[in-house]
Amino acid sequence: LSSAHVYLKLPPGVESWEAIPQTLLIDCAQLVKANSIEGNKKPNITVIYTPWDNLKKSGDMAVGQVAFQNDKRVRSFHVAQRENVIVNRLNKTKVERAVDHEQEKIDREKAESAVRRAAAVEQKKAQQELARQRAAEKEAKSYDRMFEGMDEEDLPQKSVQEMEDDFM
């Protein structure tokens with residue numbers, strides 16, 4: 001059936017399109033049903049959804065018609081009937097604005113880049129702290145500073161023969 005196309009920008013905390021919460025799917029499916037001339041009149045419709053990069057549009061398709069590149073990435077959602085409570089709630093919060101997708105993409109990439117840079121700085125600090133700890137442990141285990149601060153006369157004076165005897 002012809003219907004509205006609902007594009008959902010994944011909310012923060014939702015990592016993949018397959019992990020969309022059930023309540024959000026219900027809201028989107030109700031919008032699709034309410035904005036379909038035929039689907040709005042029928043009970044028991046199925047709404048299909050897929051990620052945007054799976055959509056395929058060719059020049060010979062009708063206006064509004066889309067196909068899919070990979071049918072395995074298409075999911076369906078059953079809608080038994082229109083629920084006016086949901087549709088009315090969504091229509092009350094409806095906001096129309098001009099969208100600059102390119103600028104939004106640039107802003108999103110800047111924010112993601114800042115998060116990655118901050119994570120890299122934290123990782124570098126952790127590596128430096130680990131290197132400092134390892135150097136301190138190595139220094140503590142080293143014999144290089146064993147006789148530091150001792151005068152020549154404080155050192156034990158043994159002959160080579162005595163040292164060899166001690167060794168054996």
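- Note: Leu55 CG to Phe68 CZ = 6.5 Å, rounded to the nearest 0.5 Å.
- Between Lys94 and Glu96 a salt bridge is recorded (basic side-chain N to carboxylate O distance below 4.0 Å).
- The residues Glu137 and Arg134 are annotated as not salt-bridged, no charged nitrogen and carboxylate oxygen being separated by less than 4.0 angstrom.
- Contacts of Leu25 classified as side chain to side chain contact (heavy atoms under 4.5 Å, CB included), with partners at least two apart in sequence or in another chain: Ile20, Gln22, Tyr49, Phe77.
- Judged by distance alone, with hydrogens and angles left aside, the side-chain atoms of Lys56 form no donor-acceptor pair with the main-chain N or O of Val66 at under 3.5 Å.
- Rounded to the nearest 0.5 Å, atoms CD1 (Ile86) and CD1 (Ile26) are 6.0 Å apart.
- For the residue pair Ser113 / Arg117, a side-chain donor-acceptor distance below 3.5 Å is found, with atom types taken as modelled.
- Under a 4.0 Å N-O distance rule, the pair Glu104/Arg97 qualifies as a salt bridge.
- More than 12 heavy atoms of other shown residues, nucleotides or ligands fall within 6.0 angstrom of atom CG in Leu130.
- You'll find the side chain of Leu8 reaches within 4.5 Å of the side chain of Leu24, heavy atoms only.
- Side-chain contact between Arg73 and Asp53 is present, with at least one heavy-atom pair separated by less than 4.5 Å.
- Put simply, OG1 on Thr93 and CZ on Arg89 are 7.0 Å apart, with the number rounded to the nearest 0.5 Å.
- Shown here is Lys105, whose NZ atom has no more than 12 heavy atoms of other residues, nucleotides or ligands within 6.0 Å.
- Within the structure, side chain to side chain donor-acceptor pair (under 3.5 Å) contacts touching residues 3-15 (residues at least two apart or in different chains) do not occur.
- Under 3.5 Å, the side chains of Asn84 and Arg82 contain a donor-acceptor pair of N or O atoms.
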